[in-house]
2 protein chains.
Amino acid sequence: MSKTASASRAAGSSSEARQPTPISRTYSIGELAKMFEVTPRTIRFYEQEGLLAPRRQGQKRIYREKDRVRLKLTLRGKRLGFSLAEIREVVMMYDAMPDGNARQLKRLLEIIAEKRAELDRQLEDIRLMRLEMDDVDRRARDALGQLGEKG
Amino acid sequence: MSKTASASRAAGSSSEARQPTPISRTYSIGELAKMFEVTPRTIRFYEQEGLLAPRRQGQKRIYREKDRVRLKLTLRGKRLGFSLAEIREVVMMYDAMPDGNARQLKRLLEIIAEKRAELDRQLEDIRLMRLEMDDVDRRARDALGQLGEKG
DNA sequence: GTCAAAGTTTACGTTAACGTAAAGTGTATG
DNA sequence: CATACACTTTACGTTAACGTAAACTTTGAC
């Protein structure tokens, strides 16, 4: 939010040989960190908070596609102002889904509905804030114009 | 964000006599607090952080329309995940506008552009998150349906 | 083998945004 | 006049989300 992080668009070379299993490669913590512009510390912290659960190869953490996706979703949630606790709630429910009982599933639907309502509120907030910024923008340009004329 | 604050819709009695100056009434800190569902402490804190500057009547803080609007904007910014420092930046620039020099005005326009870009990123994040939630929702309902059939 | 790079654990530090408690002031009301 | 209520200042406490430092292991390169 306050990071001014310009989204890094890594240009993939289009001449890569098709992988046999293009979906199931793994990542080190450093790779993920660079990929998402966070520190390894952050990723370990998310694990500690129950948001990630990478395999181990000896001592080292091995991240799979699923982990990468989870990290992506987590960071997206963060950008939208959700707390890690809130994000975990959704993520864990989602994982518990396949064998979930009716009560759990209904709870999940409830949570989803809540989050959706919050997103809707955010959309409205964004809309209003944009209007205000348009106004400020216009005034500033006007003022600049005035300065130019009589300057 | 994590407050589950249901927006309180205060039903205004429609039989109030028309105020002579309907726009320039004042508010106590408690009134504003209730109005926006925050504590007085929060409002005082925002003042301390340079986001509000109410008049005083003796020792007591007197808030005017302008202050109320500022508080509203501040809370909106917060809901969108902006820090108080970021919010202050915009608000103070805005206030310095009328007599602003060209450099300040351009700086303001820059800030506005940055914030706008951030809002756009948020819109995209919301869009993606919604898609994912739609998916989770559908799966959960399917699973519930299955349980109902073979239950 | 050794050196650098990347990884690990443990633990204390930091910042933002308030919460909470104590102690005092002002005023309207029974 | 006493009491209740809303307000004030001062100051220490708390939580989330990491940062940072220290000390150690693993691993590929030379």
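Because only heavy atoms are used, hydrogens play no part in the values below, and waters and symmetry mates are left out as well, while side chains stay in. So that the names make sense, note that chain A is the first sequence line, chain B the second, and so on, each numbered from 1. What you see is a predicted model, and the numbers here were worked out from it, not measured in a lab.
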Exam field: side chain B:Arg130 to backbone A:Arg116, donor-acceptor pair closer than 3.5 Å: no

Whether A:Arg41 contacts D:dT20 is assessed here as follows: a side-chain N or O lying under 4.0 Å from the phosphate OP1 or OP2. Is that the case? no

Could you tell me whether the side chains of A:Glu65 and A:Tyr27 share a donor-acceptor contact shorter than 3.5 Å? yes

Drop me the distance from A:Ile111's CD1 to A:Met92's CE, to the nearest 0.5 angstrom. 10.5 Å

Report yes or no: does B:Arg64 contribute a side-chain atom to a donor-acceptor pair with the main-chain N or O of B:Asp67 at less than 3.5 Å? no

Determine: side-chain N/O of A:Tyr46 to OP1/OP2 of D:dC18, distance under 4.0 Å, yes or no. yes

Interatomic distance, A:Ile29 CD1 vs C:dA6 C1' [rounded to whole Å]: 10 Å

Would a 4.5 Å heavy-atom cut-off, applied to side chains only, mark A:Met93 and A:Arg107 as touching? yes

What is the distance, to the nearest angstrom, from the CD atom on B:Glu31 to the P atom on D:dC5? 18 Å

B:Leu128 CG to A:Arg76 CZ distance, which is reported to the nearest 0.5 Å: 4.0 Å

Rounded to whole Å, the OH-P distance (B:Tyr63 to D:dC7) equals 10 Å

Kindly say if A:Ser28 contacts the phosphate of C:dG7, meaning a side-chain N or O under 4.0 Å from OP1 or OP2. yes

Phosphate oxygens OP1/OP2 of C:dA16: is one of them under 4.0 Å from a side-chain N or O of B:Lys78? no

Determine: side-chain N/O of B:Thr42 to OP1/OP2 of C:dG19, distance under 4.0 Å, yes or no. yes

To the nearest angstrom, the OH-P distance between B:Tyr27 and D:dC7 comes to 15 Å

Of all the choices, C:dA17, C:dG7, C:dG19, which nucleotide is nearest to the side chain of B:Phe45 once you look at every atom? C:dA17

Nearest-Å distance, CD (B:Glu37) to C1' (C:dG19)? 18 Å

Euclidean distance, atom CG of residue A:Leu75 to atom C1' of D:dC18 [Å, nearest integer]: 13 Å

Separation of C:dA17 atom C1' from B:Ile43 atom CD1, nearest Å, is 14 Å

Which residues in residues 47-61 of chain B have a heavy atom closer than 4.0 Å to any atom of DNA chain C? none

Spacing between A:Arg79 atom CZ and D:dA17 atom C1', to the nearest angstrom: 17 Å

After noting the C-alpha distance and the side-chain angles of A:Thr26 and A:Tyr63, does the key distance pass the side-chain contact (heavy atoms from CB on, under 4.5 Å) rule? CA-CA 5 Å; A:Thr26 70; A:Tyr63 299 88; over 6 Å; no

